[in-house]
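Numbering of ligands and ligand atoms starts at 1, following listing order. Atom set for the values below is all heavy atoms of this structure, side chains included, hydrogens, waters and symmetry mates excluded.
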Amino acid sequence: MIEVQQLTKRYGPTLAVDGLSFTVEPGRVTGFLGPNGAGKSTTMRTMIGLDRPTSGRVLIDGGPYARLRHPLRQVGALLEAGALHGGRTARAHLLGLARSNRIPVRRVDEVLDVVGLTGVADRRTQGFSLGMTQRLGVASALLGDPPVLLMDEPVNGLDPEGILWIRGLMKRLAAEGRTVFVSSHLMSEMALTAEHLIVIGRGRLLADTSVEQFVARNSRAYVLVRSPEPERMRAVLAEAGVHTDDGPDGTLEAVGASTETVGGLAARHGVTVYEISPRTASLEDAFMQLTATAADHRADQGADEGVRRP
Ligand SMILES: Nc1ncnc2c1ncn2[C@@H]1O[C@H](COP(=O)(O)OP(=O)(O)OP(=O)(O)O)[C@@H](O)[C@H]1O
């Protein structure tokens, strides 16, 4: 379990993380979402002691990271791809980590197998593609068989096969009872991988919710109506108790009605329509809306303005 308690991190005038509190539970993948610059990487770095909080704290399984006796056996982290010593082979890199962290060396072959790098284990990493480097990063994170895993944008740079692989891996690790905390700036990616979501903007908590609830609340279904007489159409729909919002290019969005209802009403009242089509707002739209007021550019702004609460 990871407990973030009133975490604040300031870099000079920039408030990167602003009084953030949430808990990451074991046994499920928790997605950590926010637009660029929201404070995700900073939060994750403070979790493993790479950044010191300005105030507040993070507890990993009840204690601060600095006090963990065998950090690599308690927390595995994939934070920056590419931070490798290029002259070494993948196997040598993992053996070095295993030895310095008192991890049995047999784990090296096990994790190479898990990430699919057995065939290139004795090649120097400087020739590795981004995808292979990312896989080696995952192998390093898994080396100590840790109960807590942190991954910062793990699908970045991966091809479609690599993306499927990492999604499956994260779900498997969570199903084994581990705490799996994964950041992304893509809602659609998290909807496919995570069970729970922590959404932040400008360093503040915007939502702490199950993916199911987020989808149910935010996948707004409506019928798009294109008509040369939109105001008549709006009046007819209103009389039937159907609320309309303005859509793009003079269209109407009939909320919560079926295409049959809208088409039937138009025919009965002789309103000309060119298009009646069912639509669903995408999760990405919902995420953008949630975080819109919390976009970056905060260095010169008051920290309290414009942030929506869940
Ligand atoms: N070492 C640093 N020095 C100064 N400012 C920093 C530093 N690290 C991060 N910041 C600033 O803190 C804010 C949060 O950055 P952070 O990288 O944590 O966001 P993020 O959500 O991970 O974004 P991204 O998705 O772009 O990685 C940004 O305004 C960033 O410019």
> Would you call Arg107-Asp113 a salt bridge at under 4.0 Å N-O?
Replying inline: no

> Taking N or O atoms only and a 3.5 Å limit, does Gly39 qualify as a polar contact for ligand 1?
Replying inline: yes

>> I'd like to know whether ligand 1 has Pro35 as a neighbour, heavy-atom separation below 4.0 Å.
In response: yes

>> Under 4.0 Å from a heavy atom of Asn36: which atoms of ligand 1 are those, numbered in the order shown and with their elements?
In response: 23 (O), 24 (P), 25 (O), 26 (O)

> Does Thr43, backbone or side chain, put an N or O under 3.5 Å from an N or O of ligand 1?
Replying inline: no

> Do Lys9 side-chain atoms and Arg52 backbone N/O form a donor-acceptor pair below 3.5 Å?
Replying inline: yes

>> So, applying side-chain contact (heavy atoms from CB on, under 4.5 Å) with Val58, which one of Thr46, Val24, Leu20, Thr43 is it?
In response: Thr46

> How many angstroms lie between NE2 in His185 and CZ in Phe32, if you round to the nearest 0.5 Å?
Replying inline: 14.5 Å

> For ligand 1, is any non-hydrogen atom under 4.0 Å from His185's backbone (N, CA, C, O), its side chain (CB onward), both, or neither?
Replying inline: neither

> For the side chain of Gln134 and the backbone of Leu130, is there at least one donor-acceptor N/O pair under 3.5 Å apart?
Replying inline: no

> Does the side chain of Ile2 reach to within under 4.5 Å of the side chain of Val148, using non-hydrogen atoms?
Replying inline: yes

> With backbone taken as N, CA, C and O and side chain as the heavy atoms from C-beta onward, which portion of Thr14 lies under 4.0 Å from ligand 1: side chain, backbone, both, or neither?
Replying inline: side chain

> After noting the C-alpha distance and the side-chain angles of Asp152 and Ser183, does the key distance pass the side chain to side chain contact (heavy atoms under 4.5 Å, CB included) rule?
Replying inline: CA-CA 5 Å; Asp152 197 3; Ser183 80; 2.4 Å; yes

>> Looking at ligand 1, is there an atom of it that comes within less than 4.0 Å of some heavy atom belonging to Arg45?
In response: yes

>> Please check whether Gly37 reaches ligand 1 - meaning an N/O of the residue sits under 3.5 Å from an N/O of the ligand, judged on distance alone.
In response: yes

> Is ligand 1 less than 4.0 angstrom away from at least one heavy atom of Gly34?
Replying inline: no

